[in-house]
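Note: hydrogens, waters and symmetry copies are ignored here, and every other heavy atom, side chains too, is used. Worth saying up front: this structure is predicted, and the values here are computed from it rather than measured. The first residue of the sequence shown is numbered 1, and numbering continues consecutively from there.
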Amino acid sequence: LVPVGVTNAESEISPSTGFPVQSAVSAASLPPTLVLASCHSLVSVDGHLSGDPIEVAALEGVGWRYDPDREVAMPLDLTLATTAAAVEDGEENEEKEEEEEEKWGLDA
């Protein structure tokens, strides 16, 4: 499955259809991104994300991933920033992680 689009609250109304114009899922504003990333029943089994294929596609489509150790979905750029800091510093950069979590409204 591949998500096709999302309608943001601020989307323009199409004059031809009278409906809001769809944006690419990767261009979703924060509210629909949070809904797509958090409303799921996905689990990690042997390191692989498992569950409803639509929910897996939605999570991947908005550029988020599921962290099974913390049991939380998070933006991929947060994951990359944390991983890069861990490689560079030899350990997790907790301050950077907290800044990113605050930016995205995530609880640590």
Between Thr7 and Gln22, which heavy-atom pair has the shortest distance, and what is it? OG1-CG, 4.1 Å

Please find the pair of heavy atoms, one from Ser41 and one from Glu55, that lie closest to each other, and give the distance. N-OE1, 3.0 Å

Going hydrophobic residue to hydrophobic residue with side-chain gaps under 4.5 angstrom, can you get from Val62 over to Leu30? yes

So, taking the atom named OG in Ser29 and the one named CG in Leu34, what distance separates them when rounded to the nearest 0.5 Å? 9.0 Å

Please give the remaining members of the hydrophobic cluster of Val45, linking ILVMFWY side chains under 4.5 Å, ordered by chain and number. Val43

For Ser50, enumerate each residue passing the side-chain hydrogen bond (donor to acceptor under 3.5 Å, both in side chains) test, keeping only those at least two apart in sequence or located in another chain. none

Partners meeting side-chain contact (heavy atoms from CB on, under 4.5 Å) with Thr17 (sequence neighbours left out): Ser14, Phe19

By side-chain contact (heavy atoms from CB on, under 4.5 Å) - contacts of Ala28 (at least two apart): Val6, Asn8, Pro32, Thr33

Considering residues at least two apart in sequence or located in another chain, which fulfil the side-chain contact (heavy atoms from CB on, under 4.5 Å) criterion with Pro68? Ser44, Tyr66

Starting from Val21 and following side-chain heavy-atom contacts under 4.5 Å between hydrophobic residues (I, L, V, M, F, W, Y), which residues can be reached? none

Heavy atoms from other residues, nucleotides or ligands near CD of Glu10 exceed 12 (cutoff 6.0 Å): yes

Supply the atom-to-atom distance Leu42 CG to His48 NE2, rounded to the nearest 0.5 angstrom. 14.5 Å

Non-neighbouring partners of Glu60 that pass side-chain contact (heavy atoms from CB on, under 4.5 Å), sequence neighbours left out: Val56

